[in-house]
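Read through the structure below, which is laid out as structure tokens, and then see the notes.
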2 protein chains.
Amino acid sequence: MTTLPYPRSMGRLLTMLSEAACGLAEDYLRPYEISLAQWVVLSALWRRDGLSVSELSEYSGKKTAALSRLLDRLEDKELVRRAAVEDDKRSVKIHLTEKGQGLSHLADMYKHVNGVLLADLSETEQEQLFPMLERMLDSVEGKSKKR
Amino acid sequence: MTTLPYPRSMGRLLTMLSEAACGLAEDYLRPYEISLAQWVVLSALWRRDGLSVSELSEYSGKKTAALSRLLDRLEDKELVRRAAVEDDKRSVKIHLTEKGQGLSHLADMYKHVNGVLLADLSETEQEQLFPMLERMLDSVEGKSKKR
DNA sequence: TGATTTTAGTTTACATGTAAATTAGATGTC
DNA sequence: GACATCTAATTTACATGTAAACTAAAATCA
């Protein structure tokens with residue numbers, strides 16, 4: 001059949017780019033046997049250990065429900081452990097294990113992805129691109145039902 | 001706690017934008033009780049009915065495994081039906097039901113999303129943005145392990 | 001023609017995301 | 001202090017994506 005063409009959709013373009021970027025990240029992480037979702041959590045802890053689940057949620061943009069299970073996996077892999085909080089027994093703080101700390105060199109993974117994504121754009125273009133996308137994001141989040 | 005800042009990551013920016021765009025689409029579709037993933041399949045069929053699973057896969061970028069289950073749901077909802085192919089009994093063609101055809105006005109959903117995404121960008125900026133992102137996508141897909 | 005390889009689609013196991021219900025522990029107000 | 005309300009985290013049900021195994025049918029080729 002003739003290939004069905006797509007309409008010019010910014011949403012589609014963004015989704016394809018995001019999927020491509022995530023794919024690059026997953027490829028990079030595969031040898032270390034951690035998923036991108038797990039990396040996001042670890043990357044917060046590498047920068048500040050002992051965050052609570054709520055704080056991780058705020059940082060990562062993931063719901064605590066999603067984190068709860070992600071943290072189960074990370075505990076299974078012995079990369080993090082949950083610790084009780086004295087002052088507030090509802091709260092749980094997450095700490096890196098030595099094994100988890102040992103992967104901290106992966107914190108720079110996003111730079112590799114950045115490099116590939118931006119390889120074909122000039123400095124000038126990059127200077128234009130970031131602010132435009134940031135503005136788009138601000139404008140959309142202003143309208144979203146989520147805040 | 002002090003909010004943990006993020007590094008300047010194009011991957012993160014693209015992912016947040018994509019999620020925002022998908023959220024807008026889901027909000028738009030919610031009253032019709034179809035998911036964005038389902039819309040993608042339907043949008044192909046509204047433009048060309050009777051595509052095979054493979055063709056839908058190529059169009060949508062989804063694996064046939066994912067489609068198989070999606071099509072189960074769309075059949076449950078009586079929006080599409082599977083039809084045997086005479087020439088090749090391995091192949092399955094997907095047809096819209098009347099009910100599925102009846103939602104075809106949703107084909108323009110992406111324009112609504114486009115409108116919101118681009119609301120704060122000037123015409124000039126939009127003219128710059130699309131080609132830059134398209135170029136980025138081409139460049140990444142050229143390097144991806146997936147082709 | 002008969003055996004081997006490809007191809008189309010499905011199924012299964014698993015990771016992840018969402019929404020809604022649940023649990024336990026703070027907080028606030030009278 | 002007792003009761004109502006909020007909050008932190010978890011659990012459950014479900015949709016979706018991936019990879020790998022599986023099935024059936026078509027194509028290849030020796």
Side-chain angles (χ1 to χ4, degrees), chain A residues 1 15-16 18-20 22-23 25-27 29-30 33-42 50-77 79-94 144-146, chain B residues 1 15-16 18-23 25-27 29-30 33-42 51-77 79-94 144-146:
Chain A
M1 74 161 204
T15 296
M16 293 186 73
S18 165
E19 285 172 358
C22 291
E26 295 277 8
D27 289 347
L29 296 173
R30 191 160 299 119
E33 299 188 293
I34 60 173
S35 69
L36 176 54
Q38 290 165 3
W39 178 90
V40 170
V41 170
L42 293 174
L51 292 170
S52 69
V53 176
S54 312
E55 288 167 339
L56 280 173
S57 171
E58 194 183 339
Y59 176 83
S60 68
K62 299 177 196 298
K63 307 277 166 67
T64 61
L67 282 171
S68 224
R69 219 178 15 192
L70 252 172
L71 291 168
D72 290 343
R73 302 263 153 62
L74 288 172
E75 274 196 322
D76 292 346
K77 293 184 178 185
L79 295 174
V80 308
R81 65 186 165 73
R82 286 170 160 100
V85 175
E86 271 311 296
D87 326 14
D88 186 339
K89 293 188 176 170
R90 292 168 305 178
S91 187
V92 174
K93 288 205 181 299
I94 311 300
S144 153
K145 292 186 179 175
K146 299 206 176 163
Chain B
M1 75 161 203
T15 297
M16 293 186 74
S18 165
E19 285 172 356
C22 291
E26 297 277 8
D27 290 347
L29 296 173
R30 192 159 299 118
E33 299 187 291
I34 61 173
S35 69
L36 177 53
Q38 290 166 4
W39 178 89
V40 170
V41 170
L42 292 174
L51 292 169
S52 69
V53 176
S54 314
E55 287 165 340
L56 280 173
S57 171
E58 193 184 341
Y59 177 83
S60 68
K62 298 176 195 303
K63 307 278 166 70
T64 61
L67 282 172
S68 222
R69 218 180 13 194
L70 253 172
L71 291 168
D72 290 344
R73 302 261 153 63
L74 287 172
E75 275 197 323
D76 292 346
K77 294 185 179 186
L79 295 174
V80 308
R81 63 185 167 73
R82 287 170 160 99
V85 175
E86 270 312 294
D87 327 13
D88 186 340
K89 293 190 175 168
R90 293 168 305 178
S91 186
V92 174
K93 287 205 183 299
I94 311 300
S144 151
K145 292 185 177 175
K146 298 205 176 163

Which protein N or O atoms sit under 3.5 Å from an N or O of nucleotides 25-28 of chain D?
unit_1, atom_1, unit_2, atom_2, d
D/dA26, OP1, B/Lys89, N, 3.1

In whole angstroms, how far is the [atom2] atom of [N] from the [atom1] atom of [X]?
| X | N | atom1 | atom2 | result |
| --- | --- | --- | --- | --- |
| B/Leu67 | C/dT7 | CG | P | 19 Å |
| A/Leu36 | C/dG17 | CG | C1' | 13 Å |
| A/Glu55 | D/dT7 | CD | P | 16 Å |
| B/Asp76 | D/dA15 | CG | P | 9 Å |
| B/Lys63 | D/dA21 | NZ | P | 15 Å |
| B/Lys93 | C/dA8 | NZ | C1' | 12 Å |
| B/Leu29 | D/dA15 | CG | C1' | 15 Å |
| A/Lys62 | C/dA19 | NZ | C1' | 17 Å |

inquiry  = Quick one, B/Val85 with B/Ser52, criterion side-chain contact (heavy atoms from CB on, under 4.5 Å). Give me CA distance, side-chain angles, the key distance, then yes/no.
reply    = CA-CA 9 Å; B/Val85 175; B/Ser52 69; over 6 Å; no
Quick check against the 3.5 Å criterion: does [X] have a side-chain atom that pairs as donor or acceptor with the backbone of [Y]?
| X | Y | answer |
| --- | --- | --- |
| A/Lys93 | A/Val53 | no |
| B/Ser57 | B/Lys62 | yes |
| B/Lys77 | B/Glu33 | yes |

Most 5' of B/Asp72 and A/Ala66 on DNA chain C, judged by nearest nucleotide = B/Asp72
State whether [X] places a side-chain N or O below 4.0 Å from either non-bridging phosphate oxygen (OP1 or OP2) of [N].
| X | N | value |
| --- | --- | --- |
| A/Ser68 | D/dT11 | no |
| B/Arg73 | D/dC14 | no |
| B/Ser35 | D/dT16 | yes |
| B/Gln38 | D/dA15 | no |
| B/Arg69 | C/dG9 | no |

message = Under 4.0 Å, counting only non-hydrogen atoms across every strand here, what does A/Ser91 touch: a base, just sugar-phosphate, or nothing?
response = sugar-phosphate
inquiry  = Closer than 4.0 angstrom, basic N to acidic O: yes or no for A/Arg30 and A/Asp27?
reply    = yes
ask   = Is it true that B/Arg82 and B/Glu75 have a side-chain N and a carboxylate O under 4.0 angstrom from each other?
value = yes
Heavy-atom check, side chain of A/Val80 versus side chain of A/Leu42, under 4.5 Å = yes
